[in-house]
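Encoded as structure tokens, the structure appears first; notes follow it.
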Amino acid sequence: MIELHHVRKLYPPRSRHGQPVLAVADVTFDVARGEFVSIVGPSGCGKSTLVKMLAGLMDITAGEIYVNGQPVCGPHSDIGIVFQTPTLLKWRSVLDNVLLPLDILRKPRLAFTERAEELLRLVGLWDFRNDYPSVLSGGMQQRAALCRALIHDPSLLVMDEPFGALDAFTREEMNLELLKLWAGREAGRQKTIVFITHSIPEAVLLSDRVIVFSPRPGTVDSIFEINLPRPRTADLQYSEQFQAYARNIRSRIGVAANAAVAQQNTPRPTRALV
Amino acid sequence: MKLHRIALPALNLLALVIAWELAVRIFRVPEFVLPAPTAILATMVKHAPALWRNSLFTLYESVAGFLLSVLIGVPLAIAIVWSAYLRNTLYPILLLFQSIPKTAIAPLIILWLGYGDLSKIVIAFLVAFFPVVVDTAMGLMSADGDALDLVRSLRSTRWQEFVHIRMPHALPAFFSGAKVAITLAVIGAVIGEFVGASNGLGYLILLSTSSLQTDLVFACLIILAAQGIMLFYLIESIEWLVLPWNRSSHAQMAEPAFNAAGRGG
């Protein structure tokens, strides 16, 4: 479904005397169709850069990204994106926000009203469909954003720290709802999800695999297979197996961060090279 | 709450008018220097037909100038935001133009367009259009980056980006520019009438000053102020009607959020 081969992203210097910034160094991994993969890492490890490159919103300095076997060299509309902030358009009602992708893709709204209702009912927002987003709480807004990302039935869902701004309870609730959405509806046509987060428990709870990124420049430090039974529940978090996964991932992030600090203390010839 | 917002300023104004009346009477200020409010009121009644006719004229010039500033200012703002080339070529010209005092070129406009209403409309437009351009352009440019990324990820055209994200986002900024512009348009119309006209409140002010009819001058000033306030609130009402989603930003509307909480959100 997704393949990344030696992907590298170098931002040009901001000012004339500034240095170019290497955000992503040499990233190689793949995601199978229908797989739920989380990417965890300290802030500044190029996670958001990766999201933009996956969506075709940003050009890649070197390497290749394939989605559905096609090289990514621009936006490809078979994708749904959820950002950290809900990013709802405040002049559109909740329903109109959910239907926004159809307006952009020039698809008839009428054909999707059933789907919109189904999605909004699933996340408990159907009664709010005619309200403006400003009326909703943060969690409700993010639910609406999730519906919007799914309305045009993309095969790939990219989520960039979607629940990072929510309180712990809402976050857990949203995690379980996301799993329901992902597993429940379209059996056999499960969406591929790339989920960016800085919460290790969240990553373990949701994912088939967790990819640990090192700090800037971002690289794949390690990949963990999460062999926990599905469907997953909130209680799972207190199991020993879960804790062990979380601990192992945590230790890798520590190693990756320390390595980066050590690297920063030594001269960095790599930046001048490019 | 609502009562306070109207009653308090009204009371202040009334106190000011009473103080004015008393001061004029106690200190025996000559009428041609400062007429008492009651004297002004009497003049307004006496000259009602002339004041009415001239104020309608100024109103027409200001509104026409304002509409022209919107009609030309908004497409200009869109052009500036749309293309870097237009931004680099148009913006310096606009800035250069804005730095010329409009009062200074008013005689030239009269010379070119004559004594009629057209020259006043053009002057009102020239004075008013800059805030429309700047505020609208700012609104168009400050659209949320994530929202733009969202539609771009769906392969939006630039036009869709404008229609669905930038333009609605810019509406509140446009309206704040329009509110500044409408009051400036009144100023522009009066400037035009000062420089050369045979109609309008500006013309009437000039005429009454030269014949020391200060009470009539004040009558014109009061009407001009009333006109400005009326036009300002007219724009604000239109904004309120057109942007129901933006109402919460106009104070007093903490209610919707409260309702949502009540519904168990």
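Values in this document were obtained by computation on a predicted structure and should not be read as measured data. Proteins get letters first, then strands, A, B, ... in listed order; numbering begins at 1 in each.
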request  = Heavy atoms only: give me the nearest A/I104-B/S156 pair and the separation to one decimal.
outcome  = CG2-CB, 3.6 Å

B/S153 versus A/P75, closest heavy-atom pair with distance = O-CB, 3.8 Å

message = Checking A/H76 against B/R155: is there a side-chain donor and acceptor pair closer than 3.5 Å?
response =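 Side chains of B/R155 and A/H76: no pair found under 3.5 Å.
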
task = Begin from the C-alpha positions of B/L150 and A/L100 and carry the test side chain to side chain contact (heavy atoms under 4.5 Å, CB included) through to its verdict.
result = CA-CA 10 Å; B/L150 183 83; A/L100 174 74; 3.8 Å; yes

key: A/D103, part contacting chain B, at a heavy-atom distance under 4.5 Å   =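 Both parts, backbone and side chain.
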
A/I81, part contacting chain B, at a heavy-atom distance under 4.5 Å =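 The answer is both parts of A/I81.
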
request  = Mind checking the CE-CZ spacing from A/M58 to B/R152? Nearest 0.5 Å is all I need.
outcome  =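 With rounding to 0.5 Å, CE (A/M58) is 11.0 Å from CZ (B/R152).
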
task = Could you grab the distance from atom OG1 of A/T87 to atom CG of B/D149, nearest 0.5 Å is fine?
result =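 Between A/T87 OG1 and B/D149 CG, I get 9.5 Å after rounding to 0.5 Å.
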
task = Using a cut-off of under 4.5 Å on heavy-atom pairs, state which of A/R148, A/Q84, A/H152 scores highest against chain B.
result = A/R148

inquiry  = Quick check on the interface: out of A/S77, A/P101, A/A55, who has the most heavy-atom pairs with chain B under 4.5 Å?
reply    = A/S77

inquiry  = Around atom CG of B/L241, are there more than 12 heavy atoms from other residues, nucleotides or ligands closer than 6.0 Å?
reply    = yes

task = Give a yes or no on this: more than 12 heavy atoms of other residues, nucleotides or ligands lie within 6.0 Å of atom CE of B/M138.
result = no

Side-chain contact, heavy-atom cut-off 4.5 Å: [X] with [Y]?
| X | Y | result |
| --- | --- | --- |
| B/L243 | A/K90 | no |
| B/H169 | A/L89 | no |
| A/W91 | B/P244 | no |
| B/D146 | A/T85 | yes |

Part of B/I165 lying under 4.5 Å from any heavy atom of chain A = both

inquiry  = For B/Q160 and A/L105: C-alpha separation, side-chain torsions, deciding distance, then whether side chain to side chain contact (heavy atoms under 4.5 Å, CB included) applies.
reply    = CA-CA 10 Å; B/Q160 283 180 321; A/L105 296 169; over 6 Å; no

